[in-house]
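Given the structure is predicted, the values throughout are model-derived calculations rather than measurements. Chain identifiers are assigned alphabetically (A, B, ...) following the order of the sequence lines, protein sequences preceding nucleic acid strands; residue numbering begins at 1 within each chain.
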Amino acid sequence: MKNIKFEINGKAVTVKEGTTILKAAQKVNIKVPTLCFHPDLPAWAACGICVVKAEGSGKMLRACSTPVEEGMKILTHDPEIIQVRRTVIELILSTHPNDCLQCPRNLNCELQRLAAEFGVRELPFEQRLRNLPVDNTTGSIVLNPEKCVLCGRCAKVCQQMQNVWALEFIGRGEKTRIAPAADVSLGESPCIKCGQCSAHCPVGAIYEKDETREVFRALQNPDMHCVVQIAPAVRVAVGEAFGFEPGTLLTGKTYAALRQMGFKAIFDTNFGADLTIMEEASEFVERFARGHGELPLITSCCPAWVDYMEKFAPDMVPNFSSAKSPHEMVGVMAKTYYAKKMGLDPKKIFMVSIMPCTAKKYEVGRSKDMFSSGQQDVDISLTTRELARMIKSAGIDFANLPDDETCDSILGNYTGAGTIFGATGGVMEAALRTAYHMVTHKELEDVNFMAVRGLDGVKEATINIEGKEIRIAVAHWMCNIETVLDRVRAAKKANGEPAYHFIEVMACRGGCVGGGGQPYGADDEVRRKRAAGLYKDDRECGARCSHQNPQVQQIYTDFLGSPLSQQAHHYLHNKYQAKPLYRK
Amino acid sequence: MTKLNREGLAKLRAEAKSAWQARATGTGAQIIIGMGTCGIAAGAAKAWAAFEDEIAKNKLTDVQVLQTGCMGLCYSEPTVEVRVPDMPPIIYGKVDAEVARRIVRKHIVGKLLINDHIYDRPAVDAFAEKAAGKK
Amino acid sequence: MAFKNYILVCSGSNCDVKRAAAVHDALLKEVRDQGVENEVQVLKSGSCMALGQCPGVKILPEETLYVNVQPEDAATIITQHLKQGRPVARLLFDRTQTSKYFPPDVTTVHQKQLRIVLRNCGVIDPEKIEEYIARDGYAALEKALFQMKPDAVIDELKKSGLRGRGGGGFPTWQKWLFTKKVAADQKYIICNADEGDPGAYMDRSTLEGDPHSVLEAMTIAGYTVGASQGFIYIRAEYPLAINRLNLAIKQARERGLLGKGILGSGFDFDIELRLGAGAFVCGEETALITSIEGNRGMPSPRPPYPAVKGLWEKPTVINNVETWAAIPVILLKGGDWFGKIGTATSKGTKVFALTGKVNNCGLIEVPMGITLREIIYEIGGGMLNGKAFKAVQTGGPSGGVITKDHLDMPIDYESLAKLGSIMGSGGMIVMDEDDCMVDVSKFYLEFTVDESCGKCAPCRIGGRTLYNLVDKISKGKGTLDDVEQIRTIGLAMRKASLCGLGQTAPNPAISTLKYFETEYLAHINEKKCPAGKCRDLLTFYILPDKCIGCTLCARRCPVSCISGDRRQVHVIDTVKCIKCGECYQACKFGAVSRT
Ligand SMILES: Cc1cc2nc3c(=O)[nH]c(=O)nc-3n(C[C@H](O)[C@H](O)[C@H](O)COP(=O)(O)O)c2cc1C
Ligand code: SF4
Ligand code: SF4
Ligand code: SF4
Ligand code: SF4
Ligand code: SF4
Ligand code: SF4
Ligand code: FES
């Protein structure tokens, strides 16, 4: 590709053809303010804050969407540009509720930060609020259109990244607002609760439903035995809220913080992941080696994906792994196995799971299968963001917590296979490690399956186990799944070889490390770093395959029998069914 | 209908041109009504009906009523061009049913122009000029 | 038996009625006196024909125009012109001054207009392809297909200097060349017929009057850039134009002028209509394209330009109806011919929808470089009811006002822009002393606020705030600070809005503020509307010395706030008065006054 030479604030810069002014400016450490732009998305170019001047043109150009041209002379800051930007910010603020103190994004808001950077001290323009109602019908994410600055990110994310089309612009001109498609409530819309909209929203207009108060209340209740589990992706991201680099592995500190808050037992979803692999890998071997059940087998540990499948691709129900997601497995085991061991009344156990995910809030009550312990298996699912807030409000000095705090190993001990569940390709990799063992009764020399790692939207590979080829596909970002499913459908129709044998799907880009409930500001670089943190955790684990987890082996011996046993089925598996796109 | 090739187009054009010429040189009269949106809104269709009716009443056989687009004289809609052999072509404006009848009786039959409704031809057009130049 | 001559005497509502009548009577008498009443009919025309030099007299069939005619001239006209066949030179309208705009081969000049785009409008039956063909229709297509290489077509456009008539004024040949140069398996041609400016109907009339000219030009473009499919995006509120286009497409297909192997060549091209729901912003090219694609019509950033990445991401030529309609003429008569018309930077003719306070509202096509004075006072027949000219708005809601100081400036893209207005698509609204500039800017802002798509903050929010500020001023509640805010927001909207709608929406406010600041200040400081338009600032009262107590005003008042006995002076209760102005209009004695 051609190189383009141009000038920015008098500095000569050379970049690749097609580079935007914004990217080029970043390259030479010039900061152009933005609001609507997000690196995950093509520039929608709505807000008008990133405007810059080009010599010889009376117009101002949008830095986020304008590619540089040979010989351009760009000026990013002068009094007029600053005044224009400030006016735009002031205009946005004139229709924005002025209540940062009560806002979920207080101190973490892109608009607030812009106002601070521009030193906005007064609101010169007539204030006009729209008085739009809050939509909290999903139980996972909340839409408060009143705070919305119409940057368009959520709609683009939902439509283009997730291919769900649950959000759209409704109305024109000053009446434009973001709303669920067809203007139903979000709960009735096709929304799959992935929360990517909330992770991309620059302001407090779409956010996770906050349930921290319920958790604090339970912790205060002397009758309650509060237990907690953390998902793989939490440990490499929660630190970002406390000034750590993305990807810093903070398992010990997180356990310590939870203990300080008063949880009676700390479990780890990674243990559940190992358990999931035992079931899912067995399921795979059943279908693949013994021909029981349809191929490909498709992973089901992402509830947003499950919701998507039930709504948009119910023809895949027979292909879905019936294994529950890891945190649900830990939940049900806590209220059965652990309760029994400890002599606790399961009704008095309050199970909190800390997830990178907003969809898990929906999953905990998804179907009666989520009550297989006799009561709701997981009582509350919090996001990483909520955890960070809890830590802060509990007055815990997170950065200085010990790193060597351990969890309660009974449902906490994990292998490297369990921890990589948090990254795209991780479930596949973990399953392959164990499936190999189940098929061959041997251990892998090299447990690393590099082909399934990384941020490519669809990763395909052929794995050879004892001369048998396993065709696999890994997809993340819901927009990538249809191509994979179409291949599956085409093969089904042709009645021939299945297109794949095993498919892993995660709704979020990068997998759960990029989950909708993770700390704000994720882009691909952050996702890579978080994933790297998990692979580091994997490398540092003594055991790297789920079947090698002694506590997992123990639970089968003591309680479940063997994978896919009746007992295991009762507690660890669930069913799926087609759902209408719009609920009414 | 057969699709035209170049020869076909040339032939059609020659025919069409002579038909067009015949309109100017023939023996019949033409009433050409501006049937654009503005003309219709101003009542061009009513004028049309009145023309037809008055032509029938006067038992005129050599008068055609034709339509065209907007002549641009929006302040005088409905506008109508009247061509009668041996008379200058005239554009009438504000032609309501009553004026339409007068045009038939007085202009077409009586060969006299009508007071107070004559509008200036708004423009020359590039093609008329070319055609005129050729002559 | 037809008469030998017909003499038309000016008698429009705007004519110098007394003098015209005198001339008419003198001519009538002269005709009788000279015994030619059986050869010559003297008539009152229905309009002013004298292009600002009333009274005018026109002799038919030779179309001789005499101007500034006096009753004393009647005898000379009859004797010298009608009897001896020698025109009266001193009364002749000076055509040399008019014809400076016209190409040399055009010798007959009417009304200072030249019809290239509207050449067939009002001439042919738009529903008959034969009539279009009789007037050299599809000859340009044939010429392009069989005698010209695509580059030659572009060359001809380049020579013509044709620039886009949809508002932007971008050189048409460049657009075509960009599209032609991009390699792609599919390309598209689009005709933009969304026309949504208030008061504009140039495109509608063109399509209603001459649909084939657009089809022919689009086909030529298809051949030139290598596209096989065209779309006409037209607003659904134009049913007649839609019908005629559909009919024209059908006829062209039947004749092999659209479809496969056009005119026996190897070139395929077809055209479909796409109906727009009528959002003004859908006229913006990127919004139009997304709308054809079936999505919400919101503009997107350029580049990429449609020429490179347009409809369905394919290279796309998009031009305005008027641009299209000019193209066949350019190919037939040559780019040089077209390029001789107009000014250095703006070539050819421009169609305007002339409306507002002029006598002869209508659709006009004039050579670029003509002055506003000529348009208003000659073609437009002068100001309605003899009121004083105040300003003219070009470019509709995107444009600005031009004042009497600039009436003599030649109209072209650059000169209008320099004055803070734009050529726009061709709306031209003339305003007189009764038009309030604050009210005018409010009117346009209301339109743009309504039509904003809501995508970008400056336009979505700034537009409404601007409107509210102007509204506040019009109600006498404005402050000097508000004027400053108008300027601040105006700047932000111009610079930071995504599309032309928001970028130009402040123009009416900013330009009226520039040229009529005192009028704004009167609203603010004195709480007065000098033009007597802004209702909230008006007070109606009855002048006791003029009121004869006829009771008419009291009977007209919708809120019955005028009291007084018959033949007694009446009084308005200014508290109850809703300032509707009924009484002001009603009083025959000028007794109702307002300030
Ligand atoms: C808000 C807005 C509305 C527009 N509406 C029209 C329209 O109705 N018709 C049109 O031809 N161009 C319209 N344009 C201009 C088009 O974007 C585009 O420039 C034009 O169609 C190109 O054709 P041209 O080069 O022949 O002018 C509009 C532009 C803006 C910003
Ligand atoms: S969204 Fe941001 S600016 Fe708005 S109230 Fe919340 S914190 Fe403040
Ligand atoms: S949660 Fe996901 S599916 Fe639901 S609206 Fe947000 S992005 Fe769309
Ligand atoms: S809800 Fe948030 S992400 Fe969506 S448009 Fe509004 S501000 Fe942007
Ligand atoms: S990928 Fe992970 S974080 Fe995202 S929705 Fe699925 S389970 Fe939740
Ligand atoms: S300037 Fe106005 S119309 Fe144009 S994109 Fe922005 S909001 Fe929409
Ligand atoms: S302006 Fe209207 S309301 Fe007021 S007095 Fe006159 S008629 Fe009555
Ligand atoms: S960041 Fe460029 S327009 Fe919003």
Side-chain angles (χ1 to χ4, degrees), chain B residues 1-6 8-9 12-13 15-21 32 34-38 40 66-76 79 81 84-90 92-94 111-133, chain C residues 1-3 6 8 11 41 43-47 49 58 60-61 105-111 113-116 118-127 130-131 133-136 138-139 142 146 201 204-205 208-210 238 240 254-257 263-264 329 333 359-365:
Chain B
M1 195 168 294
T2 51
K3 305 215 164 182
L4 299 176
N5 54 16
R6 291 184 76 180
L9 180 63
L12 177 61
R13 191 184 315 286
E15 285 165 16
K17 271 197 189 260
S18 56
W20 185 261
Q21 286 296 322
I32 306 164
M35 292 287 281
T37 295
C38 39
I40 293 170
L66 303 166
Q67 69 165 348
T68 186
C70 167
M71 301 183 200
L73 304 165
C74 308
Y75 63 107
S76 68
T79 43
E81 181 172 355
V84 174
D86 298 329
M87 285 178 79
I90 295 292
Y92 287 112
K94 302 198 173 133
K111 308 283 193 247
L112 281 169
L113 306 189
I114 317 276
N115 260 319
D116 290 329
H117 285 277
I118 300 177
Y119 287 75
D120 216 0
R121 181 170 298 278
V124 53
D125 66 74
F127 274 75
E129 197 58 32
K130 191 181 151 201
Chain C
M1 183 53 220
F3 283 69
Y6 299 89
L8 303 178
S11 75
Q41 186 189 6
L43 296 119
K44 290 181 179 167
S45 76
S47 63
M49 302 172 300
K58 194 173 226 178
L60 297 180
D105 64 327
V106 177
T107 49
T108 325
V109 174
H110 283 279
Q111 296 272 4
Q113 297 196 54
L114 174 61
R115 296 191 144 200
I116 295 175
L118 301 177
R119 61 192 177 280
N120 288 325
C121 290
V123 177
I124 63 166
D125 182 340
E127 297 181 5
E130 294 80 6
E131 296 197 359
I133 289 174
R135 305 249 310 156
D136 287 345
Y138 290 106
E142 186 191 356
F146 296 99
Y201 54 92
R204 187 194 71 202
S205 298
E208 284 174 3
D210 192 15
Y238 282 179
L240 186 63
E254 284 169 358
R255 301 281 188 181
L257 293 160
L263 283 176
V329 183
K333 302 197 76 147
N359 284 302
N360 304 346
C361 291
L363 197 66
I364 62 170
E365 181 170 354

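The candidate from B/Ala16, B/Gly93, B/Gly8 with the greatest count of non-hydrogen atom pairs under 4.5 Å with chain C is B/Ala16. Between chain B and the residues C/Ile364, C/Leu263, C/Leu240, C/Leu60, the most heavy-atom pairs under 4.5 angstrom are made by C/Leu263.
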Checklist entry - How far apart are the C-alpha atoms of B/Asp116 and C/Ser11, what are their side-chain angles, what is the distance that settles it, and do they pass the side chain to side chain donor-acceptor pair (under 3.5 Å) test? => result CA-CA 7 Å; B/Asp116 290 329; C/Ser11 75; 3.3 Å; yes
Next on the checklist: Quick one, B/Leu9 with C/Ile133, criterion side chain to side chain contact (heavy atoms under 4.5 Å, CB included). Give me CA distance, side-chain angles, the key distance, then yes/no.
Outcome noted: CA-CA 8 Å; B/Leu9 180 63; C/Ile133 289 174; 4.1 Å; yes
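For a residue to count as touching a neighbouring chain, one of its non-hydrogen atoms must lie under 4.5 Å from one of that chain's; by this rule C/Glu130 touches chain B with backbone and side chain alike. In this structure, chain B has heavy atoms under 4.5 Å from both the backbone and the side chain of C/Glu254. Residue C/Ile124 touches chain B through both its backbone and its side chain, counting heavy-atom pairs closer than 4.5 Å. Heavy atoms closer than 4.5 Å to chain B are found in the backbone of C/Asn359, but not in its side chain. Only the side chain of C/Tyr201 comes within contact range of chain B, with at least one heavy atom under 4.5 Å from a heavy atom of that chain. Both the backbone and the side chain of C/Arg255 come within contact range of chain B, each with at least one heavy atom under 4.5 Å from a heavy atom of that chain.
Rounding to the nearest 0.5 Å gives a distance of 10.5 Å between CD of C/Glu208 and CD of B/Gln67. One finds the NZ atom of B/Lys94 at 9.0 Å from the OG atom of C/Ser47 (value rounded to the nearest 0.5 Å). Taking NZ of B/Lys111 as the start and CZ of C/Phe3 as the end, the distance is 12.0 Å to the nearest 0.5 Å. Atom-to-atom distance recorded for C/Tyr6:OH and B/Ile118:CD1 is 9.5 Å, nearest 0.5 angstrom.
Judged by distance alone, with hydrogens and angles left aside, the side-chain atoms of B/Asn115 form a donor-acceptor pair with the main-chain N or O of C/Lys44 at under 3.5 Å.
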